Amino acid sequence: MLRRVPRWIVAVLLIVVIGGLLTACGSAEDYPQTTLESAGPHNDSILGVYSLVWYGSIIVFFLVEGLLIFSVFKFRGEPKTAHGRPVPVHGNNRLEIIWTVIPAIILAIIAVPTLQVISELSEAPGDDAMVINVIGHQFFWEFQYPDLGVNTTNELHIPVGQRIDLRLDSADVIHSFWVPQLAGKTDAIPGRDNRMWFEADAPGTYLGQCAEFCGLAHYQMLMTVVAESQEDFDAWVAEELAPPPAEGDPEEGLAIVEAQCAACHAIEGTSAQGQVGPALTGFANQELIADVIENTPENLAAWLDDPQAIKPGTAMPDLPLSEADIINLVTYLETLNGESE
Amino acid sequence: MAANHVIEHPTSTGLDNRKMAMWAFLASDCMFFGSLITVYLVSHGRAMVGPFPQEIFDIPFTSVSAFVLLMSSLSMVLALGGIQRGNVQRFRIWIATTAVLGCVFLGGQIYEFTEFHHAGLTLESSIFGSAFYVLTGFHGTHVFIGVIWLLSLLLASFKPGLVIREKSLNVEMAGLYWHFVDIVWIVIFTVVYLVEA
Amino acid sequence: MAAEHHVEEHHPGWQEYVRIGVILAVITAIEVAIVYVEALESVLLPLLLTLSVGKFVLVVMYFMHLKFDHKFFTWLFLSGLLLAVGVVLALMAMFGLMT
Amino acid sequence: MATQVRYVEDSTRIQEPEAGPSGLWSWLTTVDHKRIGVLYLVTALTFFAIGGIEALLLRVQLSQPNNAFVSAATYNQLFTMHGTTMIFLAVMPLSGAFFNLLTPLMIGARDVAFPRLNAFSYWVLLFGAILINFGWIYGGAPDAGWFAYANLTSPAYSPGMGVDYWVLGIQVLGISSVAASFNFFTTIVNMRAPGMSMMRLPVFIWMTLITQILIFMAFPALTVGATLLMFDRWFDTNFFIVEAGGMPLLWQHLFWVFGHPEVYILILPAMGIVSEVLQTFSRKPLFGYTAIVFAGIGIAVLGFSVWVHHMFTTGLGPVPNSIFAISTMLIALPTGVKIFNWIGTMWGGALWLSTAMLFSIGFVAMFIIGGLSGVMHASPPVDSQHQDTYFVVAHFHYVLFGGSIMGLFSGVYYWWPKFTGKLLHEGLGKVHFWLMLIGFNVTFFPMHWLGAIGMPRRIYSYGDGLNWEFWNMVTTMGSFIIGISFIFFIANVFITLVLGDRAPDDPWDAPTLEWATTSPPALHNFDTIPVVKSRMPLWTDKYPEVYGHESEPGEHGDPDLPDIQTDEVHDEIHLPNPSYWPLVLAIGIVMLFAGFIFTFVMSFIGLALMFISIWGWALEPAFGEADHA
């Protein structure tokens, strides 16, 4: 008897148990993009409902699947009645009512906190929140700090404990802004002003990425949120606002390439492996930039500053690069003679 | 579907199969035009360049068009009444009238489109233009198909045995379609033209 | 098939059709007229909608014979119609046109 | 024991089927619902295999981080076409195969209401399927996702031809579905055998009826959306062009007004199949027939009021999100009612665990999981984390694969003997079932977890610092187990067609009308149109001592429809004539659409063909002269 039981219970149970165990140990250290660990009040609210439905589902799952499997095993085989057919039962109104009402009660239990959290999360973040404009581009994120005059790409710095008021927009197609540990996602839709807020409880680096399919290099539209103490944040702002250095730093340039150009370009020996634009491995040996102008440092700087002005219609986006960024980039790109380091 | 047979398969409900399918089609077409009207309503106000609706709609002219289409519905029931009483002559007169009124409506629409085009409203000029032409254009296409249907019936009535009293359902089907196209225009005339003016 | 052709072939005569036609024409005339009456501007929208619903119902009931036909057709058509109206209203609300 | 088929007394009669006309021409001009059903079945299974291969390629690409098994561009085409193929070319036509094969037989009719329209629907489907796949050969396959969100699909962001194929193909497929839906709707309402009142209809027929209504109510929204997109792409209109005031969100609304009912279009037929199979193999009438029927109606009605739950993250605001969250949760109630009634059907029964029954039980088991995860993201805050992640991918595969596909395979095993006259091998069938069930869970259960740890869908590749690689590898292996299970099915089909046992008329001791005729059924389905006196006509006949009281006239009947005596039924058999006009009309329509891509001359030829074939269609006699002489 027992030998016949397990086959498909085992299959289902094993998977459920393994899945359940893993759920229990899904720490943010192991899984930097996890939704199950919260780093701020926005995701705290979500996790309140999330854990309710999660555990509720697991309980209902075991009850209903258990009932199903039990009835399969109990009633399999030949009929045991005298007339050779199981007793025909057409239904039972009381049972029908019970199994409609009980789920209705369960749903009501889920609905109440759901509605609370919806209204909680839709409240405006208040006047003392820091406004940041988030602009989705194919295929990078632009962050503007209008009060500070700072623009960054793919890397968002925020002070810990400060509520951030995000204004989402898109320069081209629909993107979705998502940093799981901090908040659920909100779409960045062209021509539509969406807002959301979040706040980080503790310093740290939180990963996120575009969640709405936006084209060829959608998968590389990654971002990092760096939450830091107010002092560190102020220091970072000061650095961003500092005048451009006279001489570029190739290390800085490489960092910019890996953060901002990697979605589209590939350079051997670096993490940049994009396939959308031309590979830049031997860029310094190239005669022309974008097949139109001579490859000189001045031209390269002008190209990076405003590609459309040099080659209208080019797929190369106008990245929000500071002057310092451009100098660093030029310095780095001029070192690319085709030999990987 | 006009065929040489007069077999009426008995049905479970006693209702004719084709009529059943026709009403299902009309219910479905409600969703089609409902969606198109929605698109117009939510889009047209977002036009960034003119001409804007108030500037170019010519209410008296369109009212005449609407009136013509309305009257074609009347002539359509009269045509149906004719064939149901076995009066092919009367059927021919009224079905031809209906087709002519339909053509007048289409002519009006072509004139209106031309005028608007001269005023600078095109499919690509603004979202109002896109939504307006697509909505009224699809309605016009429905009218056009209807006119061809009516003319086909008229033509078929000269061949013996095709359009006869026993097969008045063939005419009734065309009628249901035609009236539906008319009521769609009743809605469009109000929510697109009159409300804007 | 037992109930075959129990649905009466009740069709209004041509006088009735013409009468409906005249009513439809009159309503259209009223619609166009009130657009130009400035005093009615505040109630124009509901007024126009009511009048066109009236026209709509007349055509469907009489010219399309729903009044005399099997109720099944009425329900079938009404389900499509109400669904369409529901979608129109819901989308207008969500695109902020109802405020 | 496992492979033994029980033959029931009285039903071992094996008749040689009368040979119908054969040859290619007879298939091209056929209007017989059974042959058209076979065409649907073969087409659907072929595209199921193609969609499956696409899925396997996707899984190989994702099996390890930073992989480059296919290019990003190919990957995007593959996932777009995997979704489109599975939904429009595999699951819907597979359901369509059952609508065709079964509807007339189960309601006791000789054919559908409009046999030529039926042939037309099939040819349009086939040509639409070819059109939408044509990009693989010429110009690039669609690559903007199966829901083709504007404005990524605008000419500026999708300049290639892929989206053109998609937008035209989808409209052509819509024509096919909607034409078929009018047909089956009319057939079920109007063509029932005497005594077959609405509340005596088999549940599969009820679900078919509801599905048809959903199809013809929901598809127009998609048609309008696709038309706007088409105009944007060819005639420079501004519907989704943001710079001119266009609204990408409008596309999402139109798409999901269609798209959510579409989910029920995909699942309700499978639910109907499962209801039939559970009843037959529990050897016990369906528990709560009325509740199951009304739950189906409830699902259909509510299905139109939940579309915004696909758009919870688009920032519509708290009010729409709250309203649509509640309506979405409400759908769980009728769905739950169905699940409990299925369990109630098995309770106290005598379960015969045939392959078909196993697939149906598998359906219920897997659908419970899909339903529960569905309730989870009915809550917008939870959805804001789940949306566009692998959690959602897991969810809808539990509904559409663990649900629809399992249910449809259950139907294949159940009705196969009826239509081929051959029994599928039970042993191979059970291997198919267990491999598929295990492979399915190994593939899709881990996806819940992958979504929870932040893996978005539709990504070509991922880095290695995220710890996604292990479960992706497991998932990929699972997908190959599913692939292998399908090979067992194909082998089963070919082996049994050649070597298999002849099927008796009623191998499963089933209660519904289709088992009252021969296997395969004669061209005219029934020698005498049956008179139906209960919901389980074969059982009440065979086991009067158990079900005798069921056939009391009027007990479950529609008061309008008293039982009719057999002698009133005249069996003058009118069979529809074969016709080539459906095929020509279908060619015309597809040329009209394809002309947008290739050359407008093609469109004009298509229009001309359409015009001619509609005339030819209208003037040709639908029924043979000899028949009503």
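Remember, it's a predicted structure, so these values are computed and weren't measured experimentally. A, B, ... follow the sequence lines: proteins, then strands. Residue 1 opens every chain.
- Within the 4.5 angstrom heavy-atom criterion, atoms from both the backbone and the side chain of Val49(A) approach chain D.
- Counted by atom type alone, Tyr460(D) and His218(A) present zero donor-acceptor pairs between their side chains at under 3.5 Å.
- In this structure, the portion of Leu286(D) lying under 4.5 Å from any heavy atom of chain A is its backbone and not its side chain.
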Walk me through whether Trp449(D) and Tyr31(A) qualify under ring pair (Phe, Tyr, Trp, His ring centres under 6.0 Å).
CA-CA 11 Å; Trp449(D) 173 243; Tyr31(A) 304 106; 5.5 Å; yes
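- Neither the backbone nor the side chain of Ser158(D) comes within less than 4.5 Å of any heavy atom of chain A.
- With a 4.5 Å cut-off on non-hydrogen atoms, His377(D) does not touch chain A at all.
- Residue Ala188(A) does not touch chain D at all, counting heavy-atom pairs closer than 4.5 Å.
- Of the two parts of Arg195(A), neither the backbone nor the side chain holds a non-hydrogen atom closer than 4.5 Å to a non-hydrogen atom of chain D.
- Only the backbone of Tyr289(D) comes within contact range of chain A, with at least one heavy atom under 4.5 Å from a heavy atom of that chain.
- Side chain to side chain, Thr313(D) and Asp187(A) meet the donor-acceptor criterion of an N or O pair below 3.5 Å.
- The contact between Val337(D) and chain A is made by backbone and side chain atoms together, counting heavy-atom distances below 4.5 Å.
- Formation of a donor-acceptor pair under 3.5 Å by the Asp172(A) side chain with backbone atoms of Tyr157(D) is not found in this model.
- For Leu316(D), the parts sitting under 4.5 Å from any heavy atom of chain A are the backbone and the side chain alike.
- A cation-pi arrangement is present between Arg85(A) and Trp539(D), with the terminal nitrogen or guanidinium carbon under 6.0 Å from the aromatic centre and inside a 45° cone about the axis.
- A donor-acceptor contact closer than 3.5 angstrom is absent between the side chains of Glu78(A) and Trp352(D).
- The aromatic rings of Phe213(A) and Phe79(D) stand perpendicular to each other, their planes meeting at an angle above 60°, with 30° marking the opposite boundary.
- Only the backbone of Asp143(D) comes within less than 4.5 Å of a heavy atom of chain A; no side-chain atom from C-beta onward does.
- Using a 4.5 Å cut-off between heavy atoms, Glu212(A) contacts chain D through both its backbone and its side chain.
- In this structure, chain A has a heavy atom under 4.5 Å from the side chain of Trp468(D), while its backbone stays farther away.
- Neither the backbone nor the side chain of Phe312(D) comes within less than 4.5 Å of any heavy atom of chain A.
- For chain A, the nearby part of Gln252(D) is the side chain; its heavy atoms alone come within less than 4.5 Å.
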